[in-house]
Colleague: 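Below is one structure. I have some questions about it.
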There are 2 protein chains.
Amino acid sequence: MFNIDLNNDKVVHKKALGRGLDVLIPEKEKRRGFVNIEIEKIIPNALQPRKNFAPDELSNLAASIKEKGVLQPIIVRSKGSKYELVVGERRYRAVKSLGLSVIPAIIKELSDRDMLEMALIENIQREDLDAIEKAEGFLKLMNDFGLTHDELARHVGQSRTSVTNTLRLLKLPHRIKKGISYKKINMSQARTLLGLKSEHEQIQMYERILENPLNVRDLEEMVSDIQITLDPKSVTRKKRKKDPQLGLLEDELREIWGTKIVVRGNNKKGRIEIHYYSLDDLDRILKQLKRLSP
Amino acid sequence: MFNIDLNNDKVVHKKALGRGLDVLIPEKEKRRGFVNIEIEKIIPNALQPRKNFAPDELSNLAASIKEKGVLQPIIVRSKGSKYELVVGERRYRAVKSLGLSVIPAIIKELSDRDMLEMALIENIQREDLDAIEKAEGFLKLMNDFGLTHDELARHVGQSRTSVTNTLRLLKLPHRIKKGISYKKINMSQARTLLGLKSEHEQIQMYERILENPLNVRDLEEMVSDIQITLDPKSVTRKKRKKDPQLGLLEDELREIWGTKIVVRGNNKKGRIEIHYYSLDDLDRILKQLKRLSP
DNA sequence: AAAGCAATGTTTCACGTGAAACATTGCTTT
DNA sequence: AAAGCAATGTTTCACGTGAAACATTGCTTT
């Protein structure tokens, strides 16, 4: 694993998607620990495919460098008496075009393997992959480099759970995976379908969604209801974090009012939700609420 | 205005961001109304900056074309006895590299002005612009080409309101606009700050957010509360769509319960929300709900 | 054999985005 | 002068995403 510590910060990550790996260098590194290297000693990266940039982008960058200098060192690895460019092709090219003779650089010792891994990650982060393609990329990365979900997550700048959840999509029946690629359903809907135990049920519900669309929240509720019906004792799944007393109180209230009641929020503020499932329901509940004198 | 009808479909739009304008051609156009043009008659686009693509992307495309043919015609405009390439540089290059002699194309009569506009729009859709840069792009587009918000919206594949709201951000004090660019606040928070009438108040609230962050929903509520305090009659803003009867009922219930009560949902399902603002509040309300025998 | 724990699996929900709902402005037509 | 309407302005909220919360599995250590 290469030891360019991938920054988890969300903002930086977002940029990373658009701009390549050069933003993945921690703030501190940018300030110190770099040396000035002669431009001629730098050779292009043999493993990574040569990238092409829009000309105006390069000239903007060159203008900025002329004015303020190179704000962020590039990354190189040593190769004999020379250095191989690892990250920062844009800056390198811009500096070269300005005819400068040196460029600030950080020297990292990276193996070919590390470089390959970086290239793959960069590829996955190309914006236009759908969730399935992304999952396949993740899988390859795990297999080729023996990464755990957690390591992978850090490398691609996402949470561990998101990575795991993305990978889970691959367990869906082919039909549904194609549905994701063709934008018939979104990945959250698809993930929710995994909650149904048989492929048959999954596909059945999938068809149903195609017929009349269901937003993610409603689908989640629907799937959860099906599971509870099939296996009533599964309700035991602990009520989220929440004060257990509150859970009991909710149950009690449900009995009294004959409808789902949830308390949402924290100690400082929040809301009590009384759910209704028909106009009559709503009427009944509202009337009852009015009857109350405080 | 160029008459390539920009497709409003969300899916297509998303792709558009990553892949350029070629996906903006309506489905129908892809099926008919095109001719086969000799490759040699096509000249590159003089106005648009020459784009560069990753080599492997091009060879993938070439492989696909070899197998299935060119699935989507490119777009050209006539220029003397030749044709100038407008949209589809990737396909054009891939076909050329395969040594084919013709390519399916749609011939559009586009003015230099139209082409310029397209280039600008394409530029704005580069993913990594922040909301302020995007707004500035929109403004330029409006000024240079005399577009209304509505026309602009259709050209860039967003809703009219979103375009208007993006442009509104430019009315914020400089301080806050920089805050957007530096990711100190997000654009929804910033937009909400516009609800405060003076720049002074806006900046004050902005500082406050920097100190202790506030999510968009809470900020909206806070700003709305401030406005109502300053100008109590402003509450008159009509209650959203909702059955006016229901509005009255909500007010009545608020009186009785001494806290905000909203009904959310439609005739078929939804929920009644009873809001609380302290633990005591919550206790009081829950006790009261329990006292109720149905 | 049970405690500990790292890895992975699964469900629920806070969040910002983008658009719908609602509102105002200021011409143009009658 | 008022009705009509296109353009623009403003607030509210449904939605999917991504991650937190919760759960299980299956080794390793004692």
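Basis for what follows: all heavy atoms, side chains included, without hydrogens, waters or symmetry-related copies. Every chain is numbered from 1, with letters handed out A, B, ... down the list of sequences.
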Colleague: Pick the closest DNA chain D nucleotide for B:L194 and for A:M187 by heavy atoms, then say which residue is nearer the 5' end.
Modeller: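 Of the two residues, B:L194 wins.
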Colleague: Within the structure, does a side-chain N or O atom of A:N215 lie under 4.0 Å from either OP1 or OP2 of D:dA14?
Modeller: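 For D:dA14, neither OP1 nor OP2 has a side-chain N or O of A:N215 closer than 4.0 Å.
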Colleague: May I have the distance from A:F138 (atom CZ) to C:dA7 (atom P), rounded to whole angstrom?
Modeller: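 Nearest whole value for this atom pair: 18 Å.
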Colleague: For C:dT17, take OP1 and OP2 only and decide whether either is under 4.0 Å from a side-chain N or O of B:S188.
Modeller: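 Yes, B:S188 has a side-chain N/O under 4.0 Å of OP1/OP2 on C:dT17.
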Colleague: Counting only side-chain nitrogens and oxygens, does A:R168 get under 4.0 Å of the OP1 or OP2 atom of C:dT10?
Modeller: yes
Colleague: Please report the distance, rounded to the nearest Å, between CZ in A:R217 and P in D:dA14.
Modeller: 13 Å
Colleague: Nearest of D:dA19, D:dT17, D:dT8 to any side-chain atom of A:T161?
Modeller: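 The nucleotide sitting nearest to the side chain is D:dA19.
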Colleague: Taking CG from A:L152 and P from D:dG18, how many angstroms apart are they, rounded to a whole number?
Modeller: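 In whole Å, D:dG18 P lies 15 Å from A:L152 CG.
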Colleague: Just checking B:S162: base, sugar-phosphate only, or nothing, at a heavy-atom cut-off of under 4.0 Å?
Modeller: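 Base: the residue B:S162, judged by heavy atoms under 4.0 Å, touches a nucleobase.
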Colleague: Report which part of the nucleic acid A:E220 touches: base, sugar-phosphate, or nothing (heavy-atom distance under 4.0 Å, all strands).
Modeller: base
Colleague: Using whole Å, what does the distance between atom P of nucleotide D:dC5 and atom CG of B:D150 come to?
Modeller: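 It is 17 Å, rounded to the nearest whole Å.
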Colleague: Quickly work out the A:E221 CD to D:dC15 P distance and round it to whole Å.
Modeller: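 Checked: the CD to P distance equals 13 Å.
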Colleague: With hydrogens left out and only the distance checked, is there a donor-acceptor pair under 3.5 Å joining A:N165's side chain and the base of C:dT8?
Modeller: no
Colleague: Base, sugar-phosphate, or nothing for A:T148, non-hydrogen atoms under 4.0 angstrom?
Modeller: sugar-phosphate
Colleague: Measure from the side-chain N and O atoms of A:D218 to the backbone N and O of A:L214, and report whether any donor-acceptor pair falls under 3.5 Å.
Modeller: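 Side chain of A:D218 to backbone of A:L214, a donor-acceptor pair under 3.5 Å: no, none is there.
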Colleague: Establish, with yes or no, whether the OP1 or OP2 oxygen of C:dT17 is under 4.0 angstrom from a side-chain nitrogen or oxygen of B:N186.
Modeller: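 For C:dT17, OP1 or OP2 has a side-chain N or O of B:N186 closer than 4.0 Å.
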Colleague: Looking at D:dA14, D:dA19, C:dA19, which one has an atom nearest to any side-chain atom of B:R264?
Modeller: D:dA14
Colleague: When only distance counts, do a donor and an acceptor, one from the side chain of B:R160 and one from the base of D:dG9, lie under 3.5 Å apart?
Modeller: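 Side chain to base: pair present.
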Colleague: So, is B:S159 close to the C:dA19 phosphate, meaning a side-chain N or O under 4.0 Å from OP1 or OP2?
Modeller: yes
Colleague: Considering only NZ, NE, NH1 and NH2 on the basic side and carboxylate oxygens on the acidic side, decide whether B:E136 and B:K177 come within less than 4.0 Å.
Modeller: no
Colleague: Do A:R191 side-chain and D:dG18 base share a donor-acceptor contact under 3.5 Å?
Modeller: yes
Colleague: With a 4.0 Å cut-off on N to O distance, would you call B:E151 and B:R154 a salt bridge?
Modeller: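 No, this pair does not count.
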